S.K.: 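What follows is a single structure, and I will ask about it in a moment.
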Amino acid sequence: MPGAARAWPGQSLEPGPLLEGQEPKSLSHPPGKLGWKQRLDLNLALCAAGCGSPRWQLDPPCHEACTCVCVERRLPAQTLLIGQGKGRFRTWLCTSASCHLCLVCSLLTYVPGPSSRGLPRSQHTRLQASPGLTAAPSPTAMRASEKDLEKAVSQLQLLKEDPGNAVKLRLYALYKQATEGPCTMPKPSVSDFISKAKWDAWNALGSLPKETARQDYVDLVSSLSSSSESSSPVQPGASSRSPGYETLVVTSEGDITKIMFNRPTKKNAVNTQMYHELMLALKTASEDDSILTVVTGDGDYYSSGNDLTNFTDVHSGGLEEKAKSSVTLLRNFVNCFIDFPKPLVAAVNGPAVGIAVTLLGLFDVVYASDKATFHTPFSQLGLIPEGCSSYTFPKIMGTAKAAEVLIFGKKLTAAEACARGLVTEVFPDSTFQREVWTRLKTYAKLPKNAMRVSKELLRNLEREKLHAVNEEECRAIQGRWMSDESLNAVASFLSRQESLSPRALEHGAWSPALESIHRMARGHHIFIHHYGTLTPTRRDGLDRPEHREPAHHGLEVEVLRQNEVA
Ligand SMILES: CCCCC/C=C/CC(=O)SCCNC(=O)CCNC(=O)[C@H](O)C(C)(C)COP(=O)(O)OP(=O)(O)OC[C@H]1O[C@@H](n2cnc3c(N)ncnc32)[C@H](O)[C@@H]1OP(=O)(O)O
């Protein structure tokens, strides 16, 4: 149907020539190499396979290696989509290493590197599914300014993934064209592969107008940025990020909901907001169409457990009120794991501490990187086990082994945790993500209802017991949080990096950490040992100087109850 551009169902088609005088037309695969103008014509081609859909056609000489693809069909693995305008396709390029005919392929032959590098596959899928695609760039979309170009250049520096040689050459060429116009440089020697590849890329743009090149560049960077934000190298496929979470990244990819702790700079410590967000994410995942839910961490840690600053957020009701409300939060939080109705998988990407470890006993499957460790330093913190671990751990690993972990705080390696049954399988860190996600994707294809019923049967055996254990642990933990042992442990953690001089302390200088400790320990006396001198806190007005041998540099904070001071 030459000249009669037809929209796909539900999509608008805005035929708009890239160059003056060009019209949408149907192209077959003429033999021979095309000039730049003919290449541009391809941007306006319709599907030669006769489906009537608009699409960008491959460079015809490549037809042996690159199948002519209609966007309504699946993309062949070798097809690279380069450049996505706002709601429209730009260009299809071939990345087949075996194809030496078309310009783009030849660039790939010149430039070493994996030929399949290009936009992540998630990008392909997203484009196929994108509702706003139009066949040709709309004239109104062609308006990238020089400022936009500059912005795109800086945006490019922020890309998390290397877009690959082909894309980089394309960017180079578009940038040169946008800023300098058509290539007039002498052709470099064939032995100078890199310069030749760059020259080829630029020269291939012929007399493409500067504005068009600018727009193409901006569009390409924008598509790369959005794909690098939403894609994970281990999870090809369309992924959508749920809005509204700050401490988590929640994504749905196919049938899998991924809940990722997202406080990497704090080793993914679980603060109050994260407890709430996790409950929301689990509730949402339990009700949506997903089949599997995976919990993992961003950065080098899985999670360092309860955020130890949670208890410094003490309001007028004092520590007791804080402990009460924290118990309610903890109870509800753990209940969400007990009652989660779908298969729940932990992908433990790095060290796990405290509640991040104990909860693993409530997961169905636990995969761990060999870099992961499992540490429950409860006694050291003046605390006790939670997350039903006082029941699940002895059941999983036997009482004696569980006691060593829960009472003495023995830190387990991934291999030890696996040998004790807490971890299902350990993977080398280098292949952890790939192997785990490949496996999970296979599992997610199993019949959904059968998995759900199996999970229910397994959990129902224990559900009542787990709720009772959760209650019991919460009752016990409330007292522990108000204990001197626990307060001192938290104070010690908070003050470990303090380095105020004794002089500053004597003049009442309070650091944020000391402020936090003071809030937390309201009604208690705080002693600060500094370089061997016990400095009474100004706030409490005590004067009890006492010589101590310097144990370490920095501060040592001691929280004592009023009667213990006397
Ligand atoms: C509703 C309440 C429910 C309560 C349920 C109870 C649960 C019990 C537990 O979970 S107990 C376990 C508590 N966790 C810990 O004791 C771990 C404390 N953290 C550490 O020991 C270390 O930070 C580490 C070993 C995890 C990592 O050490 P490393 O030296 O590699 O890194 P930093 O210490 O410099 O950490 C980087 C920044 O992250 C902050 N941070 C780490 N973990 C926590 C945490 N659990 N709570 C608060 N903050 C944490 C750390 O302070 C650094 O922050 P900074 O860069 O601002 O200094």
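Owing to the predicted nature of the structure, the values given are computational and were not obtained by experimental measurement.
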S.K.: Please check this pair: side chain of Ser389 against backbone of Glu386, looking for a donor-acceptor N/O pair closer than 3.5 Å.
M.R.: yes

S.K.: Treating Arg459 as the side-chain partner and Ile338 as the backbone partner, does any N or O pair qualify as donor plus acceptor under 3.5 Å?
M.R.: yes

S.K.: Hey, does the side chain of Ser379 reach the backbone of Ile407 with a donor-acceptor pair shorter than 3.5 angstrom?
M.R.: yes

S.K.: My understanding is that only one of Thr373, Val357, Val295, Val353 makes a side chain to side chain contact (heavy atoms under 4.5 Å, CB included) with Tyr302; could you say which?
M.R.: Val295

S.K.: Decide side chain to side chain contact (heavy atoms under 4.5 Å, CB included) for Phe340 and Leu362; before the verdict, give the C-alpha distance in whole Å, the side-chain angles of both, and the deciding distance to 0.1 Å.
M.R.: CA-CA 9 Å; Phe340 192 71; Leu362 295 173; over 6 Å; no

S.K.: Is there side-chain contact between Asn349 and Tyr301, with at least one heavy-atom pair below 4.5 Å?
M.R.: no

S.K.: Below 4.5 Å, heavy atoms only, C-beta onward: do Asp255 and Leu292 meet side chain to side chain?
M.R.: no

S.K.: Using a cut-off of 6.0 Å, state whether more than 12 heavy atoms not belonging to Lys151 lie near its atom NZ.
M.R.: no

S.K.: Between the main-chain N or O of Ser390 and the side-chain N or O of Glu473, is there a donor-acceptor pair closer than 3.5 Å?
M.R.: yes

S.K.: Does the pair Glu404 and Arg420 meet the rule for a salt bridge (charged side-chain N to carboxylate O under 4.0 Å, His left out), with working shown?
M.R.: CA-CA 12 Å; Glu404 197 185 21; Arg420 290 179 186 213; 3.0 Å; yes

S.K.: I'd like to check Asp298 versus Val249 (side-chain heavy atoms, cut-off strictly below 4.5 Å). Are they in contact?
M.R.: no

S.K.: Could you tell me whether Tyr175 atom OH has more than 12 heavy atoms of other residues or ligands within 6.0 Å of it?
M.R.: no

S.K.: Report the C-alpha separation of Tyr275 and Asn306 in whole Å, then their side-chain angles, then the decisive distance to 0.1 Å, and conclude whether the side chain to side chain donor-acceptor pair (under 3.5 Å) test is met.
M.R.: CA-CA 9 Å; Tyr275 282 110; Asn306 187 47; 2.7 Å; yes

S.K.: Output all residues satisfying side chain to side chain contact (heavy atoms under 4.5 Å, CB included) with Glu471, sequence neighbours left out; order by chain, then residue number.
M.R.: Arg331

S.K.: Salt-bridge test for Glu320 and Lys324: reply yes if a basic N is under 4.0 Å from a carboxylate O, no otherwise.
M.R.: no

S.K.: Do side-chain atoms of Asp307 reach the backbone of Thr309 as a donor and acceptor pair under 3.5 angstrom?
M.R.: yes

S.K.: Do Lys258 and Val250 have side-chain heavy atoms sitting under 4.5 Å apart?
M.R.: no

S.K.: Please test Leu422 against Val366 for side chain to side chain contact (heavy atoms under 4.5 Å, CB included), starting from the C-alpha separation and ending with a verdict.
M.R.: CA-CA 7 Å; Leu422 181 63; Val366 178; 5.8 Å; no

S.K.: Would you call Glu416 and Lys411 a salt bridge, using N to O less than 4.0 angstrom?
M.R.: no

S.K.: Answer whether the closest heavy-atom distance between the side chains of Lys266 and Ser304 falls below 4.5 Å.
M.R.: no

S.K.: Please report the C-alpha distance between Met397 and Val405 in whole Å, then the side-chain angles of each, then the deciding distance to 0.1 Å, and finally whether the side chain to side chain contact (heavy atoms under 4.5 Å, CB included) criterion is met.
M.R.: CA-CA 10 Å; Met397 49 181 96; Val405 168; 4.2 Å; yes

S.K.: When rounded to the nearest 0.5 angstrom, what distance separates NE2 in His276 from CG in Leu248?
M.R.: 12.5 Å

S.K.: Charged N to carboxylate O under 4.0 angstrom, Asp288 versus Lys342?
M.R.: yes

S.K.: Between the side chain of Gln478 and the main-chain N/O of Ala323, is any donor-acceptor distance below 3.5 Å?
M.R.: no

S.K.: Kindly indicate whether the side chain of Ile256, heavy atoms from C-beta on, has any atom under 4.5 Å from the side chain of Ile291.
M.R.: no

S.K.: Please check if any side-chain donor atom of Asn470 sits under 3.5 Å from a side-chain acceptor atom of Asn335, or the reverse.
M.R.: yes

S.K.: Under a plain distance cut-off of 3.5 Å, with no hydrogens placed, do Asn268 and Ser303 share a side-chain donor-acceptor pair?
M.R.: no

S.K.: Got a sec: does the NZ of Lys395 have more than 12 other heavy atoms crowding it under 6.0 Å?
M.R.: no

S.K.: Would you call Glu435 and Pro428 a side-chain contact if the rule is heavy atoms closer than 4.5 Å?
M.R.: yes

S.K.: Using 0.5 Å steps for rounding, measure from the OG atom of Ser430 to the CG atom of Asp370.
M.R.: 7.5 Å

S.K.: Keeping Asn310 on the side-chain end and Thr272 on the backbone end, is there a donor-acceptor pair under 3.5 Å?
M.R.: yes

S.K.: List the steps, then state whether side chain to side chain contact (heavy atoms under 4.5 Å, CB included) holds for Met274 with Phe333.
M.R.: CA-CA 10 Å; Met274 198 194 279; Phe333 176 71; over 6 Å; no

S.K.: Are any side-chain N or O atoms of Ser486 and backbone N or O atoms of Met482, one a donor and one an acceptor, separated by less than 3.5 Å?
M.R.: no

S.K.: Using the six-membered ring wherever Trp is involved, compare the ring planes of Phe363 and Phe337 and label them parallel, tilted or perpendicular (cut-offs 30° and 60°).
M.R.: tilted

S.K.: Would a distance-only check, ignoring hydrogens and angles, find a side-chain to backbone donor-acceptor pair under 3.5 Å from Asp429 to Ser369?
M.R.: no

S.K.: So, Ser290 versus Thr257: side-chain donor-acceptor pair below 3.5 Å or not?
M.R.: yes

S.K.: Would you find more than 12 non-hydrogen atoms of other residues, nucleotides or ligands less than 6.0 Å from Glu246 atom CD?
M.R.: no

S.K.: To the closest 0.5 Å, what do you measure between CG (Asn449) and CD (Glu456)?
M.R.: 11.0 Å

S.K.: Atom OG1 of Thr296 and atom CG of Asn262: how far apart are they, to the nearest 0.5 Å?
M.R.: 11.5 Å

S.K.: Under 3.5 Å, is there a donor-acceptor pair between the Thr247 and Glu277 side chains?
M.R.: yes

S.K.: Tell me whether Asp300 is salt-bridged to Lys371, with the criterion being a basic N under 4.0 Å from an acidic carboxylate O.
M.R.: no

S.K.: Taking C-beta and beyond as the side chain, do Arg439 and Glu425 meet within less than 4.5 Å on heavy atoms?
M.R.: yes

S.K.: Will you find, in the side chains of Arg463 and Asn460, an N or O donor that is under 3.5 Å from an N or O acceptor?
M.R.: yes

S.K.: Taking atom types as modelled and ignoring hydrogens, do the side chains of Asp148 and Tyr217 form a donor-acceptor contact shorter than 3.5 angstrom?
M.R.: no

S.K.: Is Thr442 reaching over with its side chain to a backbone N or O of Thr438, donor-acceptor style, under 3.5 angstrom?
M.R.: yes

S.K.: Show me the pairs that pass ring-ring contact (aromatic ring centres under 6.0 Å, His included) and involve residues 377-409, at least two apart or across chains.
M.R.: none

S.K.: Just jot down the side chain to side chain contact (heavy atoms under 4.5 Å, CB included) partners of Val365, sequence neighbours excluded, or say none.
M.R.: Val345, Tyr367, Thr424

